[in-house]
Structure formats: C-alpha cells, structure tokens
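Beneath this line is the structure, given in structure tokens, with notes to follow.
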Amino acid sequence: MYIENVVSEIFPILFGLAFLIVFGVILTKFIGSVRRGVKNSRSPLLTVPAKVVSKRIDVRGDHSYTSYYVTFEMESGERVELSADGREYGMLVEKDVGLLSYRGTRLVSFERKKISGEA
C-alpha cells in the first residue's frame, strides 16, 4: 500500500516535469528559428561571384523534416554555408561557378555562369 501511495503521488509530478521539459525544448527551438529568420530578413542582400564547394542534407525525424545546405567559396577564398530550399539545392552541382545572392544565412539565388560551348 505504501508503494502505491508514493507512486500515485510522484507520477503526476514526474509526468508534469517531463511535459515541461519537452515543451521547453520545442519552445526554445521555435524561438531560435524565429530569431534566425528575423536576423536574415534584416541582413543586407549580398551578391558576389562564387563557386559551389559542397552540398549536404540534414534529415530529422525519420525523413519527416529535411534541411538543405550548400557551401560556397567566394573569390577571396572565404567560405559560407547557406541554407537552401529543396528546389534550389537540387539545381546546384559542386564546382558550379556563378553569381551568388544571399541574405544572412539564407541562399536567395545562384545564377550559374555559362561556360563557352554550353547550350
């Protein structure tokens, strides 16, 4: 009987604590995402010549959420990794050279430079 009383008193507390922790993590992720979006929208639009150096995908939740990232190298040698949407990501190939437009950490566009002899 004593164990049943202890369990019946502690269980709601532990359940509430677990709920608060999960809710706190979700809220923290959401606030971080909003802050990043606001920072990107306030950043100036930069357009520079660049080359696609690498691409990567981050899959979370068993394919339920996919993030796309592309690393570009500017003429100065500086590299920047930008988040991209799936369509833009799919159009880019490593070693593509062109005009990169980005705002903060977000890829706006990449206008591929045509190589002579290309259609």
Side-chain angles (χ1 to χ4, degrees):
M1 290 289 241
Y2 176 73
I3 292 177
E4 289 176 3
N5 288 338
V6 171
V7 169
S8 67
E9 290 179 19
I10 292 178
F11 181 76
I13 295 170
L14 292 177
F15 183 78
L17 215 55
F19 176 79
L20 287 175
I21 290 170
V22 169
F23 182 74
V25 168
I26 291 171
L27 187 62
T28 302
K29 292 285 187 180
F30 177 75
I31 290 171
S33 178
V34 169
R35 282 185 177 170
R36 192 169 33 260
V38 168
K39 182 180 175 191
N40 283 343
S41 67
R42 290 183 178 169
S43 296
L45 177 65
L46 301 174
T47 302
V48 294
K51 175 173 75 172
V52 177
V53 177
S54 69
K55 297 168 46 174
R56 73 179 178 92
I57 298 174
D58 184 21
V59 180
R60 298 197 183 241
D62 195 31
H63 303 290
S64 62
Y65 184 75
T66 304
S67 299
Y68 302 92
Y69 300 94
V70 183
T71 302
F72 294 92
E73 183 175 305
M74 278 66 126
E75 289 180 333
S76 66
E78 177 187 358
R79 290 185 177 196
V80 62
E81 182 179 67
L82 304 172
S83 60
D85 64 32
R87 186 188 61 76
E88 188 80 40
Y89 177 89
M91 298 296 291
L92 296 172
V93 177
E94 288 184 17
K95 298 184 182 175
D96 273 352
V97 176
L99 211 52
L100 167 66
S101 294
Y102 67 102
R103 186 181 303 271
T105 61
R106 184 85 185 141
L107 170 65
V108 174
S109 68
F110 184 76
E111 188 177 320
R112 190 168 164 241
K113 182 178 172 183
K114 292 190 182 201
I115 300 169
S116 58
E118 245 183 31

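Computed from a predicted model, the values in this text were never measured in an experiment.
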**Asked** Taking side chain as C-beta onward, heavy atoms only, is Y89 less than 4.5 Å from L107?
**Response** no
**Asked** At their closest point, which heavy atom of E94 faces which heavy atom of S54, and how far apart are they?
**Response** OE2-CA, 3.6 Å
**Prompt:** With distance as the sole test, does S83 use its side chain to make a donor-acceptor pair with the main-chain N or O of T105 at under 3.5 Å?
**Reply:** yes
**Item:** F72-Y102 aromatic ring centre distance below 6.0 Å
**Value:** no
**Prompt:** CD/E111 to OG/S101 distance, rounded to the nearest 0.5 angstrom?
**Reply:** 8.0 Å
**Request:** Output the distance between atom OG (S109) and atom CG (L45), rounded to the nearest 0.5 Å.
**Result:** 7.5 Å
**Asked** Are V52 and M74 connected in a single hydrophobic cluster, I mean Ile/Leu/Val/Met/Phe/Trp/Tyr linked by side-chain heavy atoms less than 4.5 Å apart?
**Response** yes
**Minimum-distance pair of heavy atoms, taken over all atoms of L92 and K55** = O-NZ, 2.6 Å
**Message:** Can you confirm whether L82 sits close enough to V108 that some side-chain heavy atom of one is under 4.5 Å from a side-chain heavy atom of the other?
**Reply:** no
**Request:** Check the pair E73, V97 against side chain to side chain contact (heavy atoms under 4.5 Å, CB included), reporting the backbone distance first and the verdict last.
**Result:** CA-CA 9 Å; E73 183 175 305; V97 176; over 6 Å; no
**Message:** Using side-chain heavy atoms (C-beta onward) and a distance below 4.5 Å, is L99 in contact with P49?
**Reply:** yes
**Fill in**
On a heavy-atom basis, the closest approach of F110 and E88 is N-OE2, 3.6 Å
**Request:** Supply the atom-to-atom distance R60 CZ to Y65 OH, rounded to the nearest 0.5 angstrom.
**Result:** 8.5 Å
**Message:** Side-chain heavy atoms nearer than 4.5 Å, only ILVMFWY residues, links allowed to pass through others: does that put L14 and F23 together?
**Reply:** no
**R112 CZ to D96 CG distance, which is reported to the nearest 0.5 Å** = 4.5 Å
**Prompt:** With a 4.5 Å heavy-atom cut-off, do Y68 and T66 have their side chains touching?
**Reply:** yes
**Complete:** Minimal heavy-atom distance between S43 and G104, with the atoms involved, is CB-N, 3.5 Å
**Asked** Are V70 and V80 in one and the same hydrophobic cluster, where Ile, Leu, Val, Met, Phe, Trp and Tyr link if side-chain heavy atoms are under 4.5 Å apart?
**Response** yes
